[in-house]
Number of protein chains: 2
Amino acid sequence: MHHGKALTTLKETGYRLTPQRLMVLETIAGARGHVTAEEIGTQVRRTYPYIDIATIYRTLHLLKRLHLVTEIDPGGSSAQYELAGDGRHHHLICEGCGKTIDLPLAYLDNLHQSLRREFEFEADLDHFALRGRCSQCLAARTGTPRKDRNAWKRL
Amino acid sequence: MHHGKALTTLKETGYRLTPQRLMVLETIAGARGHVTAEEIGTQVRRTYPYIDIATIYRTLHLLKRLHLVTEIDPGGSSAQYELAGDGRHHHLICEGCGKTIDLPLAYLDNLHQSLRREFEFEADLDHFALRGRCSQCLAARTGTPRKDRNAWKRL
DNA sequence: GTCCTTGTTGCGACTCTTTGCAAATCATTC
DNA sequence: GAATGATTTGCAAAGAGTCGCAACAAGGAC
């Protein structure tokens, strides 16, 4: 997981490689896994205390638009960012227990192609999150005893 | 598009049908098409000035959880809500021009079933939004003249 | 009706994210 | 290297949505 490619892409597309952007990129690359904007801020401020959270968000948007980082919105807390590397995948997010299941990228290829074919629509299916219920949470809901009529509300 | 069913569902599931909830529901039902939380607030406050925006959000979450209303998150502005009626569909949202294309519900049936089969995951594909580029915006990007190196940035 | 439990509301404070703007920075052209 | 114009940043403020909590209903048991 390196960010060399990202630097090149930035320059090549005419955006400036500013110290701030470099630091944000390095932080994302340095972290294994996901980071939030605030975490990036804390890390970057260790060497450059003046960086503003707005700059970080703007940088993240830019990097996302260039498909250099991907964003995961867990819904309910801050968004997570990670370097768009090789191990890319979609997410199945269980609304019951919060667990996320990785879905191979290729899984949505069919959909992608039929949208292109039938609607001439180029969907951006880079890093997709599908919400629902995992098998365990589904099982927990079947056979709700008559006793506790409100059990289902809790999920 | 009536909300009678919604009232029954609320009562039947053990939730209380409060005046506030009723007013929110009536506003959504009364509006043709989508409404934002703030619009609901403005409308409801005409007859009951004390309703709080938090109550509206809480009611909307509840109704969404009961599949009585659907939420569309246009990303970049406030979420839109509408009564879950018969003409349900998914959305293709163009990030270039903002246009939305309606996608038949059945379109994601395959995906839905293979997720169930292969991952035992019951995806909530009630009202789905896919981001990407429509044909026009795609066309606008091809053949960018060398003249304006920054043209692509604007999309 | 009174008591009790549970659900719901309004308020205020808070979080996360975006936006407007003036100042600073950088690439280009002369 | 100074002038010019486009980008980018930091700051402050706003937007959108959420949360904790005390006060307020509403339904059931007695």
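Every chain is numbered from 1 and lettered A, B, ... according to where its sequence line falls, protein lines coming before strand lines.
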Item to check | Angle by which the axis turns from one end of the helix from C/dG1-D/dC30 to C/dC30-D/dG1 to the other, five pairs per end, to 10 degrees | outcome: 20°
Item to check | Option passing side chain to side chain contact (heavy atoms under 4.5 Å, CB included) with A/H91 (candidates A/L130, A/I101, A/D102, A/L103) | outcome: A/D102
Item to check | A/Y50, OH: over 12 other non-hydrogen atoms inside 6.0 angstrom | outcome: no
Next on the checklist: Expressed as a whole number of angstroms, how long is the span from A/R65:CZ to D/dT8:C1'?
Outcome noted: 14 Å
Next on the checklist: Tell me whether the side-chain N/O atoms of B/T55 come closer than 4.0 Å to OP1 or OP2 in C/dG10.
Outcome noted: yes
Checklist entry - For D/dT9, does either OP1 or OP2 sit under 4.0 Å from a side-chain N or O belonging to A/T18? => result yes
Checklist entry - When you measure from the side chain of B/Y48, which nucleotide among C/dG10, D/dT8, C/dT8 comes out closest? => result C/dG10
Checklist entry - Is there a donor N/O on one and an acceptor N/O on the other, under 3.5 Å, for the side chain of A/R16 and the base of D/dT7? => result yes
Between the protein and nucleotides 11-18 of chain D, which nitrogen or oxygen pairs are less than 3.5 angstrom apart?
{"residue": "D/dA16", "atom": "OP1", "partner": "B/S78", "partner atom": "OG", "Å": "3.2"}
{"residue": "D/dG17", "atom": "OP1", "partner": "B/A79", "partner atom": "N", "Å": "3.2"}
{"residue": "D/dG17", "atom": "OP2", "partner": "B/Y57", "partner atom": "OH", "Å": "2.2"}
{"residue": "D/dG17", "atom": "O5'", "partner": "B/Y57", "partner atom": "OH", "Å": "3.2"}
{"residue": "D/dT18", "atom": "OP1", "partner": "B/H61", "partner atom": "NE2", "Å": "3.4"}
{"residue": "D/dT18", "atom": "OP2", "partner": "B/H61", "partner atom": "NE2", "Å": "2.7"}

Checklist entry - Is B/T55 reaching over with its side chain to a backbone N or O of B/I51, donor-acceptor style, under 3.5 angstrom? => result no
Checklist outcome for this item: A/L22 CG to D/dT9 P, in whole Å, measures 12 Å
Checklist entry - With a 6.0 Å cut-off on ring centres, are B/Y107 and A/F119 close enough? => result yes
Checklist entry - Would you say the side-chain atoms of B/E118 pair up with the backbone N or O of B/L115, donor to acceptor, closer than 3.5 Å? => result no
Checklist outcome for this item: Heavy-atom nearest pair, B/I56 first then B/G41, reads CD1-CA, 3.3 Å
Item to check | Between D/dA26 (P) and B/L17 (CG): distance, integer Å | outcome: 11 Å
Next on the checklist: Tell me if a side-chain donor or acceptor on A/R21 pairs with a main-chain N or O of A/T59 at a distance below 3.5 Å.
Outcome noted: no
Next on the checklist: If we ignore hydrogens and angles and just use 3.5 Å, is the side chain of B/Q113 paired with the main-chain N or O of B/N110 as donor and acceptor?
Outcome noted: no
Checklist outcome for this item: A/Y15 atom OH is separated from D/dT7 atom C1', nearest whole Å, by 10 Å
Item to check | Lys/Arg N to Asp/Glu carboxylate O, B/E122 vs A/R133, below 4.0 Å | outcome: no
Checklist entry - Nearest-Å distance, CD1 (A/I56) to C1' (C/dT17)? => result 12 Å
Next on the checklist: Please tell me if B/Q20 has a side-chain N or O lying less than 4.0 Å from either OP1 or OP2 of D/dA25.
Outcome noted: no
